Trainee: 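Provided herewith is a single structure, encoded as structure tokens, for subsequent inquiry.
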Amino acid sequence: MAATGHSQQYLDQPFLQDQAKKYILNDSLKEEVLIKVAADRNGLIQVLGDSGLLLPFEKSLVKDQRYRPLIDMNILDLQEANGKLYYLSSKEVFTNAAGGTFYFDHEMNEPKLFALGQNETVLVVSKNQLKIFESKEVIWEHPLNDISVKELLFDANHNRFLLLTSSALYEVPLSNLSFEKIFDGETMNTMTFFKNSILVGTDNGVVELSGSPLKVMKIQYELPSNHITALKVINDELWYGSTNGAFKLRADGKYDYYASKRWLVDDEVLTLTEGPENSVLVLTRGGLSQIIFHQMTLEEKANYFQKIQRERHLRYGLTANLSFREPGNIATGYFNDSDNDGLWTSMYLAGELFRYAVTKSEDAKLNAYDAFEAMERLTDITPMHGFPARSYERDGYEVGLHANGFSEEWYQKHVKDNGRIWRLTDDEKWRWKSTTSSDESCGHFFVYALFAELAPDKEWRDRAIHQIKIQTDHIMENDWYLVDWNGEPTAWGRWNPKYVNQFPINVGDRRLNSTLILAFLQTAYHFTKDEKYKKAANKLIKRHGYDENANRPASVIGFVEGEDLSNKWNHSDDEMYFLTIPAFVKYSFEEAQKAKHLEAVKSHWEIERSEKNPLWNYLFALSGGTQIDFEESAWWLREFPMDLIDWSVDNSHRTDLKKIEPNFRGQTYSEVLPPDERPLHKHNGAYRNNGNGGGKREYAPYIYLLPYWAGRYVEAISAPQN
């Protein structure tokens with residue numbers, strides 16, 4: 001499977017990668033009501049709560065105890081201006097910057113809010129009064145008569161202060177001091193300037209105001225959330241806070257959406273502002289989130305994930321997710337087995353093989369050999385020659401009791417009829433997991449073929465070829481089945497013609513299983529040159545139509561009345577299919593067959609293109625595809641989240657997305673969402689936009705590492721550029 005160079009190539013130049021830091025309220029402050037957040041030019045971040053000032057420290061918000069006088073003051077409002085932090089207390093307006101020389105008594109009862117204009121002109125608002133101060137002296141005051149002001153804003157272009165209530169917008173022009181209503185509205189919460197307009201966030205969208213007198217130019221309803229609580233222009237970009245998270249307007253008119261615990265402590269945004277070092281501070285009911293933007297190449301991102309993979313996602317050398325005893329708390333993480341340990345390990349191992357082929361990294365080689373030995377044991381540990389276990393664990397510590405997603409009822413019946421899924425080894429120290437599926441076989445054949453081509457040492461390559469041989473022999477000797485310890489075929493390890501051809505041609509399993517077994521046999525023949533594998537493949541082709549099955553275009557797959565496996569498109573089948581296609585095409589017995597196989601593969605890739613999945617694109621390229629969606633693939637890699645925790649994510653409320661009619665593929669919206677805006681998943685859930693993961697595990701980073709290094713290997717991604 002030699003690398004395929006492409007004239008189309010994504011240049012790996014630094015891009016802005018977003019990542020979140022989260023600070024929850026310290027246990028002693030659980031009842032704190034948070035009000036506002038600000039940061040000065042030194043990078044100091046302060047949060048105002050109802051009991052005083054707080055600081056983000058490590059992963060918590062804690063009491064700010066640095067300035068002892070501030071502890072005893074009743075701080076009511078907090079503002080940043082000219083890189084300094086200013087405070088409103090029950091008695092004063094002041095700053096601690098520049099020697100603490102700026103301070104004055106406002107002499108107001110029940111002060112609420114303040115704002116700074118040019119040259120430290122200050123507006124202070126209380127329950128029943130407003131005052132303008134210039135050079136620390138009152139120059140004008142006006143009664144408010146119980147007008148409840150929500151927000152203040154200084155308009156430098158018109159030298160005026162704006163005051164927002166839930167039903168009106170007022171102005172105080174400094175050139176002609178007065179208090180005038182300039183707009184009537186409903187359920188208004190927040191405001192900002194953007195371009196030449198005033199934007200007002202309401203309970204139902206954003207109102208754009210412009211002109212003199214102010215007129216409604218537009219109302220934005222098609223937003224990720226219409227209940228707007230905060231608006232702010234940060235680095236010339238418009239940011240929104242809402243009751244369903246934060247989002248940013250992009251140049252193309254769409255939005256980058258930051259919601260769920262992947263990004264925020266909680267989704268009820270109170271306010272947001274510019275933070276230090278190109279970050280955005282988002283204050284919510286439960287704490288502070290800092291969304292950080294930093295320059296990174298795709299390779300640097302891969303290096304970041306590689307470190308995580310090696311530190312906390314290896315169980316006996318197998319690739320494993322990390323489960324949590326406390327949601328989201330990595331410190332409480334522990335390993336457990338899965339049904340597909342062999343498959344996930346094969347995908348990480350493949351990524352390291354690609355990395356070694358591209359970089360000749362000794363580290364990549366050693367990682368690949370470690371993973372290979374862990375996989376090799378999957379066949380060594382079972383008593384059946386060439387039968388790979390799903391997983392293994394020390395006796396008494398196995399966790400995953402079910403198999404391949406079957407129900408509790410299925411499991412109980414299976415155990416009653418067949419015995420335990422976990423089987424004890426002869427030395428009674430280990431157990432291995434039975435009921436192995438075709439998913440596992442796909443992973444084994446995919447990576448052993450890569451290993452036999454890319455590993456630098458012949459003795460290791462020979463071990464991979466041995467695995468290909470014994471696993472193929474097991475299937476052939478057992479009448480095209482994976483046969484378990486009890487002498488029965490497993491639920492999904494079935495390539496026998498009676499099983500495969502029982503399905504109508506529209507059922508995906510007929511096409512898929514034919515493709516898989518032909519690819520397995522082609523792989524075995526390619527590396528061993530043993531004619532029995534070629535003869536067996538030709539028998540399946542000539543007598544049972546397996547080439548005809550496999551070469552049907554993917555467009556034939558669809559619903560068939562009464563067929564359980566045809567009620568929807570199976571995206572897990574896509575994973576198996578694309579791992580198999582390099583061998584299916586490259587190891588074809590003759591050129592005419594190869595051309596037909598590639599055409600069938602292309603038909604499947606065409607259907608999958610809307611997912612923008614880089615792995616599908618790069619494996620298609622590895623199979624001989626000459627045109628791939630390299631820009632879309634790079635988009636997926638850039639948008640992949642740095643946080644690998646399985647947080648709950650909900651996009652069902654979004655009105656900015658165009659819904660489409662229910663369909664066989666399970667696609668909800670007109671285009672796939674960025675990976676960092678939907679639930680985290682492996683490569684088989686691109687259209688899953690909502691999920692209740694609950695932060696109970698961290699996914700292993702091979703999900704990113706395999707497509708990235710596959711892209712480098714087929715030269716669809718360049719080496720990092722300066």
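As the structure is a computational prediction, the values presented were derived from the model and not from experiment.
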Trainee: Count the heavy atoms belonging to other residues, nucleotides or ligands that lie under 6.0 Å from NZ of Lys150, then report whether that count exceeds 12.
Mentor: yes
Trainee: Salt bridge or not between Arg250 and Asp256? Use side-chain N to carboxylate O under 4.0 Å.
Mentor: yes
Trainee: Can you list the residues that meet the ring-ring contact (aromatic ring centres under 6.0 Å, His included) rule with Phe114, with sequence neighbours excluded?
Mentor: none
Trainee: Can you say whether the rings of Phe247 and Tyr255 are parallel (under 30°), tilted (30 to 60°) or perpendicular (over 60°)?
Mentor: perpendicular
Trainee: For a 4.5 angstrom cut-off between non-hydrogen side-chain atoms, does Asn689 reach Leu657?
Mentor: no
Trainee: Are Leu76 and Lys112 packed together at the side-chain level, in the sense that at least one heavy-atom pair is separated by less than 4.5 angstrom?
Mentor: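 SC-SC contact between Leu76 and Lys112 ruled out.
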Trainee: Short question: side chain of Ser260, backbone of Val649 - any donor-acceptor pair under 3.5 Å?
Mentor: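 No, because the side chain of Ser260 does not come within donor-acceptor range (under 3.5 Å) of the backbone of Val649.
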Trainee: Please say whether more than 12 non-hydrogen atoms of neighbouring residues, nucleotides or ligands are located less than 6.0 Å from CZ in Phe194.
Mentor: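 More than 12 within 6.0 Å, yes.
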Trainee: Applying salt bridge (Lys or Arg N to Asp or Glu O under 4.0 Å) between Asp643 and each of Lys261, Arg262, Lys22, report the one that passes.
Mentor: Lys22
Trainee: Checking the side chain of Asn119 only, and the main-chain atoms of Thr121 only, is there a donor and an acceptor separated by less than 3.5 Å?
Mentor: no
Trainee: How about Glu222: does its CD atom have over 12 heavy atoms from other parts shown lying under 6.0 Å from it?
Mentor: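 Not more than 12 within 6.0 Å, no.
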Trainee: Between His106 and Leu88, is there a side-chain heavy-atom distance shorter than 4.5 Å?
Mentor: yes
Trainee: When you look at Gln721 and Thr297, which way does the side chain to side chain contact (heavy atoms under 4.5 Å, CB included) test go after all the steps?
Mentor: CA-CA 8 Å; Gln721 306 291 297; Thr297 64; over 6 Å; no
Trainee: Return the orientation label for the Phe179 and His142 ring planes: parallel under 30°, perpendicular over 60°, tilted otherwise.
Mentor: tilted
Trainee: Tell me yes or no: between the side chains of Asn176 and Ser178, is some donor less than 3.5 Å from an acceptor?
Mentor: no
Trainee: For Ala20, enumerate each residue passing the side-chain contact (heavy atoms from CB on, under 4.5 Å) test, keeping only those at least two apart in sequence or located in another chain.
Mentor: Trp263
Trainee: Does a sphere of radius 6.0 Å around CZ in Arg285 hold more than 12 heavy atoms from other residues, nucleotides or ligands, not counting ones at 6.0 Å or beyond?
Mentor: no
Trainee: Check this for me: Lys63, atom NZ, are more than 12 non-hydrogen atoms of other residues, nucleotides or ligands nearer than 6.0 Å?
Mentor: yes
Trainee: Are Asp146 and Lys127 side-chain neighbours, meaning at least one heavy-atom pair lies under 4.5 Å?
Mentor: yes
Trainee: Between Gln17 and Tyr304, does any side-chain donor sit less than 3.5 Å from a side-chain acceptor?
Mentor: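 Side chains of Gln17 and Tyr304: no pair found under 3.5 Å.
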Trainee: Just wondering, do Val47 and Leu34 contact through their side chains at under 4.5 Å, heavy atoms?
Mentor: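 Of all side-chain heavy-atom pairs linking Val47 with Leu34, at least one is under 4.5 Å.
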Trainee: Taking the inter-plane angle between the rings of Tyr704 and Phe640 on a 0 to 90° scale, is it parallel (under 30°), tilted (30 to 60°) or perpendicular (over 60°)?
Mentor: tilted
Trainee: Taking the side chain from Thr95 and the backbone from Leu85, do they hold a donor-acceptor pair closer than 3.5 Å?
Mentor: yes
Trainee: Any non-hydrogen side-chain atom of Tyr23 less than 4.5 Å from a side-chain atom of Gln290?
Mentor: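 They are in contact (side-chain heavy atoms under 4.5 Å apart), so the answer is yes.
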